[in-house]
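Notes follow the structure.
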Amino acid sequence: MDNILDELNDKQKEAVEYLDGPLLILAGAGSGKTRALTYKIAYLLQKDIVKPYQILAITFTNKAAREMKERILKLVKEDANDIWLGTFHAICVRILKREIEKLGYTRDFNIFDEQDKTKLIKDILKRLDLDEKQYNPGYIAYEISRAKDEMKLPEKYLSEAMGDYRKEKIAEIYKVYQSDLKKNNAIDFDDIIMLTVQIFLDNSEVLSYYQNKFKYILVDEYQDTNKIQFLLISLLSSVNKNICVVGDESQSIYGFRGADISNILNFEETFKNAKVIKLEENYRSTKNILDAANNVINNNKSKIEKKLWTQNGIGEKINYKTLQNEYEEAEYITENIDDICKKEKKTYSDFAVLFRTNAQSRVLEEVFLRESIPYRLIGGLKFYSRKEIKDLSSYLKLIHNPNDNISLKRIINEPKRGIGETALQKLESIARSKDVSIFEAIKDTENLNGLRSAGNIIQFRQMICDLIDKKDKIKVSELMLEILDKTGYKNELEMENTKESEDRLENIMEYVGVALEFEKENAENSLGEFLDAQALISDVDNIDEGQSAVTLMTMHSAKGLEFEVVFLAGMEEGLFPSKRSIDEDETVEEERRLCYVAITRAKQKLFITNASKRTIYGSTTYTIPSRFIDEIPDELFDEISQDNITLRKKKEKNFLDDEYSQVKSFLSNDEGFNINSKSSSFGISVDSFLKNINIAPTKITTNNIDLYEVGMSVKHKKFGVGKITKIEAEGDDYKLDISFENYGNKRLMAAYTPLEILK
DNA sequence: AAAACGCCGGTTTTT
DNA sequence: CCGGCGTTTT
């Protein structure tokens, strides 16, 4: 521990030792940026430059915080637990717990999740008599969220909306939303940071306390911070000016949720006398993999010049394979995993399959299950959005904070206890007229006069009050069991005795297990702490490295992680880059950065796959390989992949103008295949399709077009059974004349037509 | 009050 | 294709 600096390269050492003012560490993928950060903290403590509690260190996930804490503990003996180390949200909740009363909330505030938020917005729309179709709750939520990212309170939002009727309406909704939250003594996810900043701005003594307290502020993954996070750290660092941020603009992938890449691009201008140190040596990947990543990212116009290099060997070449459909793609992946496991000394946990959308995971899971390959799926797991889990957690939230109307409304008649819609509506309007919460209204028995369900309501009230009395006396897990028992929730499920109810019970017990786990790790476990932790937890936080299983997750979730072998599945235009991004350069660039992140997760071996035909959400589309594949030089692919590439190139060359028009007329014809499908799915519109071909002519590798013969019986998805009457070559494709039994004669292009050969 | 039905809409990524 | 939600039915 005397010479922790010896374990660093020159640049990292420089970054650790530089202590005078703002420091920007530009660190490419796998260059040991987290390592530099960790060692810097250890160094600060070891040299006794600051006390642990004077350090504020912000990570992107709770898991990263946990790991960093462990590593610091190993390096220095100081108590790393006293460091303020966590995500922006975790840190701000901690501050809010101390300071939120200044804004008129109490410490027992609840944190609303997305579902609660949407419910509240829908409530408000009803109250304001606005049409949900015109004011899509999801869109409103998004707008409010973006506004909060920029510290725009309803008044500010309104002032900017002037003249725009719709925005003015949204401003009105936002205003009511905010005041409703407060009445519920609840905050939403974005409030966690916004309210913290608001407290700082309104209370100079509070701000100055934290400004002086934190002598050093460190931020990891700085490229993914948003405006308000920037504001927060600017405020906090403005006294001591010791702000050290680490990031890589090439890995900025959260623009869609307000992350502002200019935070990192403009760091030097914003923080005077900032020092910049670049970490450019990659310790993770082979040269081939790094080459691929560099080539891809070089297609982005906006980036800070830096060249990532490695002393690692050249390594194996990249494997690229186009499969017929998503099932074959999954099978190809499992086969390769099996194969590599057999031939090399690898375990399942060395592998990761990364995809763009969670929707892709279903087929992968299916095949992994069938092939008996253990896997763990990160994210997409809707455990917490399951009804039974939401119900139980709503009970907990109501008990913790009885003013939470959203939670109360969810469970007041769950399980059924004869408190119907009319009664609830009456109670709600009484509560509103008296400006109290619904639970508060229930407490006054006079308010129940004339309600048929008054008796039931009183019983409910008593039950909740009893549970509130108990909440601080027993453990959270015990409270859960008590709720399940006293409410009759458990009994009802047991009586139902179906497969579904059994599943639900199982889920509930798993949730109780989560609480037990929490109690083990947290000495001072209170209900509030448990609920906060639940609200802040992310999917990656739960990765259990211990078990030997292949990791399946989105490319976003993979940020910051690394694996020996990585599969990138579904590398297709419209999927990745996503359909919604391909019309704008800026968003494509973000997709490209995501691709860069995905590639650089791999240490030794990279597989890229796509399916020529993919079914998602019920509709099947023919696909075009992702432009990102073209951006990787051919020579980086292995021999087996070359056929795939040659085939594609050949198609490209022969893809002449008249064929474009054929494709176009074919597509607009509504015959055969549904590449467009106007409003739905991941398919590609004719325009983007053609635009794409023009930008980067790509192949259409599809059916085994060579297999068709005149006289063959074939089956078409829409036209049914028919016989091929004529085949004519058309570039690399064939025109098939088919006489269908029920639809007459049609002329179809072989490459675009899904035909089943009947013989 | 609860179950059953049927329609519509959304389906990128998430601390 | 799925879930959510409003409507109708019992």
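Chain letters run A, B, ... following the sequence lines, proteins first, then strands; residues in each count from 1.
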Subject >> B:dT14 phosphate, OP1 or OP2, under 4.0 Å from A:T554 side-chain N/O >> reply: yes
Original post:
Can you tell me how far C1' of B:dT15 sits from CG of A:L232, to the nearest Å?
Top reply: 14 Å
**OP:** Please state how far atom CG in A:D149 lies from atom C1' in B:dT14, giving the value in whole angstrom units.
**Re:** 12 Å
Original post:
Between B:dT11 and A:T357, is there an OP1 or OP2 to side-chain N/O distance shorter than 4.0 Å?
Top reply: no
Original post:
Looking at A:N62, does any N or O in its side chain come under 4.0 Å of the phosphate oxygens OP1/OP2 on B:dT15?
Top reply: no
Original post:
According to a strict under-4.0 Å criterion, is A:N226 in side-chain N/O contact with OP1 or OP2 of B:dT15?
Top reply: no
Original post:
Distance between the P atoms of B:dT13 and C:dG4, in whole angstroms?
Top reply: 16 Å
Original post:
Of the nucleotides C:dC5, B:dT14, B:dT15, which has the atom closest to the A:H89 side chain?
Top reply: B:dT15
Original post:
Roughly how many Å is it from CG in A:D191 to P in B:dT15, rounded to a whole number?
Top reply: 18 Å
Subject >> Residues A:K390 and A:D116 bridged, charged N to O under 4.0 Å >> reply: yes
Subject >> Salt bridge flag under 4.0 Å for residues A:K63 and A:E67 >> reply: yes
Subject >> Candidate nucleotides B:dT13, B:dA2, B:dT15, ranked by approach to the side chain of A:T87 - the nearest >> reply: B:dT15
**OP:** Mind calculating the distance between CD (A:Q251) and C1' (B:dT13) to the nearest angstrom?
**Re:** 15 Å
**OP:** May I ask you to check whether A:H556 and A:F355 place their ring centers less than 6.0 Å from one another?
**Re:** no
Original post:
Does A:K387 come within less than 4.0 Å of A:D391, counting only side-chain N to carboxylate O?
Top reply: yes
Original post:
Where the side chain of A:N136 is concerned, which of B:dG10, C:dG4, B:dA2 is the nearest nucleotide?
Top reply: B:dG10
Original post:
Among the nucleotides B:dT13, B:dA2, C:dG4, which one has an atom lying closest to any side-chain atom of A:N413?
Top reply: B:dA2
**OP:** Flag this pair as yes if the NZ/CZ of A:R257 is under 6.0 angstrom from the six-membered ring centre of A:Y254 and inside a 45 degree cone about the axis; otherwise no.
**Re:** yes
Subject >> Separation of atom CG in A:D123 from atom P in C:dC5, rounded to whole Å >> reply: 12 Å
Original post:
C:dC5 phosphate, OP1 or OP2: any side-chain N/O from A:K122 under 4.0 angstrom?
Top reply: yes
